[in-house]
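The block underneath contains the structure these notes are about, expressed in structure tokens.
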Number of protein chains: 2
Amino acid sequence: MTQPIPNATRNTRQRAEVLALLAETDGFRAAQDLHQTLRQRGVKVGLTTIYRTLQLLVDAGEVDATRSHAGEQLFRRCSRTHHHHLVCRHCGRTVEVRGPAVERWADKVASEHGFTDVGHTVEIFGRCPDCPA
Amino acid sequence: MTQPIPNATRNTRQRAEVLALLAETDGFRAAQDLHQTLRQRGVKVGLTTIYRTLQLLVDAGEVDATRSHAGEQLFRRCSRTHHHHLVCRHCGRTVEVRGPAVERWADKVASEHGFTDVGHTVEIFGRCPDCPA
DNA sequence: TTATATGCAAACGCTTTGCAGTAGG
DNA sequence: CCTACTGCAAAGCGTTTGCATATAA
């Protein structure tokens, strides 16, 4: 199974489900998305509980959170190999890109300022070749 | 004065005001923030109009948009020297950082994929020195 | 047993939309 | 004059909160 949530005083079925689902996934996922997936699998978990569990995980540093372009909050388990996105401003097309240089730069900048437990998000946007001006 | 909005068919007082305010500012600003500033200056512009004008500017490629950690949409005039943020996950403290290396990397990655009119956002997060685990 | 977790429903904050009135060209 | 723009009010959408109920320990 998965690890219990560090700060949790009780380990419930619902929390285990959320944690297990996050463990399956590499990238960022929206809370509502996680909820829907669990429902589809017949797992009964309230949306509220998912939000609360995710918040707990973020506070515990187990999960990183960002915002999607559309405004949803996105969550991902920490310490996964991750990628960034190159997004077309016009058609929304998305390309996954990797950048070891940025990862290193981010860690360096953060530690220069005394920050620890460092994560980062990068998004590059522009006009893709299929969307002429 | 400022340039008219490229796609606009009419140039109104309200649009000029929004554009002028954006021109004054270097960083990202929330729509509501722009609205409040204009109201404080005695300029009468509806919040709706601000949102619609900003959307127009984004479509025209005059303005870049991101999301704040809190979920607000943030806007900034393009082609400004800009910085990125190093944010403490716990207390919210923010440090402005600059990274020529990232700027170059982003442009390179984008052009390798045929993207033009490239912009990017970067956010580094972690635990700041004043927030011990 | 009892404090914590759950889940519904209602509240919230930001953003978008419908529509009648206003004004640029 | 005519169509685009404005702005209010209301709807939309993701997220959070209040509160009664269920449950882990």
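In what follows, every chain begins at residue 1, and chains take the letters A, B, ... in the order their sequences are listed.
Taking 3.5 Å as the limit, the base of C:dG24 and the side chain of B:Arg15 contain no donor-acceptor pair of atoms between them. Checked by distance alone, A:Arg67 brings no side-chain donor or acceptor within 3.5 Å of a matching partner on the base of D:dG14.
Here salt bridge (Lys or Arg N to Asp or Glu O under 4.0 Å) pairs that include residues 100-110 of chain A, with residues two or more places apart or in two chains, are A:Lys108-A:Glu112.
Between B:Thr121 and B:Arg67, the side chains place no donor N or O within less than 3.5 Å of an acceptor N or O (distance only, hydrogens not considered).
Side-chain atoms of A:Leu47 and A:Gln32, non-hydrogen and from C-beta on, do get closer than 4.5 Å to each other. Between B:Phe75 and B:Asp33, every side-chain heavy-atom pair lies at or beyond the 4.5 Å cut-off.
Judged as a salt bridge (Lys or Arg N to Asp or Glu O under 4.0 Å), and not counting sequence neighbours, B:Arg52 has no contacts. Under the rule for a side-chain contact (heavy atoms from CB on, under 4.5 Å), the partners of B:Ala110 that lie at least two apart in sequence or sit in another chain are A:Leu86, A:Ile124, B:Phe115, B:Val118. Every residue two or more places apart in sequence or in another chain that forms a side-chain contact (heavy atoms from CB on, under 4.5 Å) with B:Gln36 is listed here: B:Gln40.
In this entry the distance linking CD of A:Glu17 with P of C:dG7 reads 11 Å, nearest Å. Rounding to whole angstrom units, NE2 of residue B:His69 and P of C:dG13 are separated by 18 Å. Per the geometry, CD1 belonging to A:Ile50 stands 12 Å off P belonging to C:dC8, to the nearest Å. Separating the CD atom of B:Gln55 from the C1' atom of C:dT17 is a distance of 13 Å, rounded to the nearest angstrom. As rounded to whole Å, 6 Å separates atom P of D:dG14 from atom CD of A:Glu72. Note: CG (B:Leu54) to C1' (C:dT16) measures 13 Å, nearest angstrom. Atom CG of A:Leu19 and atom C1' of C:dA5 are 15 Å apart (whole Å).
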Any N/O pairs under 3.5 Å between the protein and nucleotides 21-25 of chain D? List them or say none.
unit_1: D:dT23; atom_1: O2; unit_2: A:Arg10; atom_2: NH1; d: 3.1
unit_1: D:dA24; atom_1: N3; unit_2: A:Arg10; atom_2: NH1; d: 3.4
unit_1: D:dA25; atom_1: OP1; unit_2: A:Asn11; atom_2: N; d: 3.2

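The stretch residues 35-49 of chain B touches DNA chain D through B:Lys44, B:Val45, B:Gly46, B:Thr48, B:Thr49, each having a heavy atom under 4.0 angstrom from the strand.
Neither B:Val97 nor B:Phe28 shares a network with the other; the hydrophobic side chains, linked directly or stepwise wherever heavy atoms of I, L, V, M, F, W or Y lie under 4.5 Å apart, form separate groups for each.
Using a 4.0 Å heavy-atom cutoff across all strands shown, A:Gln32 reaches at least one base atom of the nucleic acid.
A close approach under 4.0 Å does not occur between any side-chain nitrogen or oxygen of B:Gln14 and OP1 or OP2 of C:dA23.
Not one N or O on the side chain of A:Ser111 forms a donor-acceptor pair closer than 3.5 Å with the backbone of A:Gly114.
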